[in-house]
Amino acid sequence: MKAARGQPSESQGALIGVARPRLDSVEKVTGATRFAGDLTLPGLLHARLVLSPEPHARVELVNGEAARQVAGVVAVLTAADLPIVAQGPYRHHEPLAREEVVFAGQPVAMVVAESEAAAEDGAEAVVVDYSALEPVVDLEAAMSPGAPLARLEQQGGTAGGVESLHAAVGGRGREAPEEDLSENVLGRCFHSRGEVSDVLAGSAAVVARRYKTSWVHQGYLEPQVATAWVESAGQLAVSTSTQGAFYTRDELAKLFGLPVSKVRVQAEALGGAFGGKMLIVEPLAAGAALVLRRPVRLAFTRSEDFVASNPAPASIIDLRIGARATGELTGLDARVIFDRGTNAEWGLEEIAAVLL
């Protein structure tokens with residue numbers, strides 16, 4: 001008897017409601033899967049970061065002399081030591097803070113050593129002098145005219161499109177209303193269809209609510225880790241726990257002024273990611289490998305991953321929704337404010353695509 005068109009035959013079995021093992025289950029359960037932190041290379045060096053305890057400050061001096069005296073320490077690197085040639089507004093354009101730190105946990109220096117223990121001891125010996133600046137921690141207060149600036153030193157380059165226009169209006173349907181906003185506002189996007197005020201005024205019921213979402217870490221089990229080395233032909237190779245191998249390759253090539261053909265990114269098995277593993281550790285490991293010409297691994301500790309990575313952004317959502325007496329919705333008036341932190345990592349185009 002033939003199965004009806006579009007229906008599975010008896011030999012195929014049911015497609016829904018039947019447990020099917022993941023293709024990678026056996027390897028992971030038995031421990032056979034090799035993650036980014038499992039790679040072994042001859043002459044491998046280990047990196048540890050010096051993180052800022054200040055939420056906002058000028059970096060006056062980075063003194064690594066004591067760290068260099070620690071047995072096993074090979075180098076103490078600052079932003080000036082990394083061979084970065086590209087400028088831009090993204091975090092990977094400034095993997096180590098230059099003149100200014102803009103969040104507590106921002107990497108300021110990197111100690112590279114023969115062992116993880118030596119790198120950790122060296123990082124603890126680095127002395128950094130800061131001049132504290134007023135931190136910006138309230139999202140709405142930061143938007144007010146005259147508010148303290150979250151970043152005094154503007155990053156070079158643009159994120160493209162409306163990102164290049166400070167507090168620019170990316171309109172859909174009509175222009176956004178004029179607002180006097182501070183220089184902390186990176187951009188605006190406005191969308192309108194119909195006269196929402198009139199619709200809400202004529203609705204049988206109007207409900208107004210405010211919602212706040214906090215910064216959220218993605219909660220993956222495997223911390224961020226990358227290993228970089230320079231191959232015999234001069235090609236930069238990076239083994240990393242990343243969600244975007246080709247994006248990482250292209251951005252590293254631009255960052256260090258290399259042809260794309262001279263950069264190879266090997267994406268390893270992911271121990272979780274959920275949107276959080278994109279170009280945080282790779283520029284640091286790659287920069288150190290290019291300087292020292294030896295393989296360098298940077299693996300975050302759990303605490304470093306929490307304070308120095310890239311959680312999902314916070315937001316404030318104000319909503320007014322109208323409805324008829326019969327229950328049909330009539331109109332929606334919404335204002336959404338995203339806390340994009342210290343860098344233009346999330347474009348207005350992406351935000352608009354999600355919301356509209």
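This one's a predicted model, so the numbers in the text were calculated from it and none came from an experiment.
- A side-chain donor-acceptor contact under 3.5 Å links Tyr220 and Gln224.
- Enclosure of atom CG in Leu23 is not indicated, since only 12 or fewer non-hydrogen atoms of other residues, nucleotides or ligands lie within 6.0 angstrom.
- Looking at Asp38, its side chain does come within 3.5 Å of a backbone N or O of Phe35 through a donor-acceptor pair.
- Hydrophobic clustering (side-chain heavy atoms under 4.5 Å, transitive across Ile, Leu, Val, Met, Phe, Trp, Tyr) groups Val238 together with Leu77.
- The two atoms that bring Ser241 and Lys277 nearest to each other are OG-NZ, 3.3 Å, heavy atoms only.
- Counting only distance, with no hydrogens or angles, the side chain of Asp333 and the backbone of Ser197 share no donor-acceptor pair below 3.5 Å.
- A distance of 10.5 Å separates CG of Leu252 from CZ of Arg249, quoted to the nearest 0.5 Å.
- Closest approach of Phe274 to Gln243, counting heavy atoms only: N-NE2, 3.9 Å.
- Of all heavy-atom pairs between Ala119 and Ala113, the closest is N-CB, 3.4 Å.
- At a threshold of 4.5 Å between non-hydrogen side-chain atoms, the residues Val108 and Leu96 do not count as touching.
- Taking the side chain as every heavy atom from C-beta outward, Phe256 and Ile84 approach each other to under 4.5 Å.
- Listed for the Glu282 side chain is a donor-acceptor partner under 3.5 Å among the backbone atoms of Ile280.
- Heavy-atom minimum distance, Pro223 versus Phe300: CB-O, 3.3 Å.
- Atom-to-atom distance recorded for Arg98:CZ and Glu153:CD is 10.5 Å, nearest 0.5 angstrom.
- Grouping the Ile, Leu, Val, Met, Phe, Trp and Tyr side chains by contacts below 4.5 angstrom, directly or via other members, places Val265 with Met278.
- Distance check, rounded to the nearest 0.5 Å: CD of Glu94 to CD of Gln106 gives 6.0 Å.
- Ion pairing between Glu140 and Arg210 holds under the 4.0 Å rule for side-chain N and carboxylate O.
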(request) For Asp305 and His217, run side chain to side chain contact (heavy atoms under 4.5 Å, CB included): C-alpha distance rounded to whole Å, both residues' side-chain angles, the deciding distance at 0.1 Å, then the answer. (result) CA-CA 9 Å; Asp305 207 307; His217 188 275; 3.0 Å; yes
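- The distance from the CZ atom of Arg193 to the NE2 atom of His191 is 6.0 Å, given to the nearest 0.5 Å.
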(request) Please step through side chain to side chain contact (heavy atoms under 4.5 Å, CB included) for the pair Val62 and Val126, ending with a clear verdict. (result) CA-CA 7 Å; Val62 179; Val126 174; 4.0 Å; yes
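- Remark: the backbone N or O of Ala147 is not paired with any side-chain donor or acceptor of Ser144 at under 3.5 angstrom.
- For Arg48 (side chain) and Gly122 (main-chain N/O), no donor-acceptor pair under 3.5 Å exists by modelled atom type.
- Under the 4.5 Å side-chain heavy-atom criterion for Ile, Leu, Val, Met, Phe, Trp and Tyr, Leu290 and Leu298 are members of the same hydrophobic cluster.
- Atom CZ of Arg22 sits in a sparse spot, with 12 or fewer heavy atoms from other residues, nucleotides or ligands closer than 6.0 Å.
- Lys28 places no side-chain N or O within donor-acceptor distance of the main-chain N or O of Gly271, the cut-off being under 3.5 Å.
- Residues Glu99 and Leu152 have side chains not in contact (no heavy-atom distance under 4.5 Å, counting atoms from C-beta outward).
- Leu292 and Leu255 fall within a single hydrophobic cluster, where Ile, Leu, Val, Met, Phe, Trp and Tyr are joined by side-chain heavy atoms under 4.5 Å apart, directly or via other members.
- Looking at heavy atoms from C-beta onward, Leu39 lies out of side-chain contact with Arg34 at the 4.5 angstrom threshold.
- A salt bridge does not link Glu116 to Arg297: none of the charged nitrogens lies less than 4.0 Å from a carboxylate oxygen.
- The backbone N or O of His56 sits nowhere less than 3.5 Å from a side-chain atom of Glu100 that would complete a donor-acceptor pair.
- Residues Thr213 and Ser315 have side chains that bring a donor and an acceptor to within less than 3.5 angstrom of each other.
- The two residues Phe103 and Val307 have their closest heavy-atom pair at CE1-O, 3.7 Å.
- Both Leu284 and Val112 are assigned to one and the same hydrophobic cluster, defined by single-linkage of ILVMFWY side chains at heavy-atom distances under 4.5 Å.
- The main-chain N or O of Leu279 is never found under 3.5 Å from a side-chain atom of Arg91 such that the two would form a donor-acceptor pair.
- A pairwise comparison of heavy atoms in Pro95 and Leu82 identifies CG-CD1, 3.9 Å as the closest pair.
- Between the CZ atom of Arg302 and the CD atom of Glu304 there is a distance of 11.5 Å, given to the nearest 0.5 Å.
- A distance-only check finds a donor-acceptor pair linking the side chain of Ser182 to the backbone of Ala142 [under 3.5 Å].
- Rounding to the nearest 0.5 Å gives a distance of 5.5 Å between CZ of Arg188 and CG of Leu181.
- Here the side chain of Arg264 pairs no donor or acceptor atom with the backbone of Ser261 at under 3.5 angstrom.
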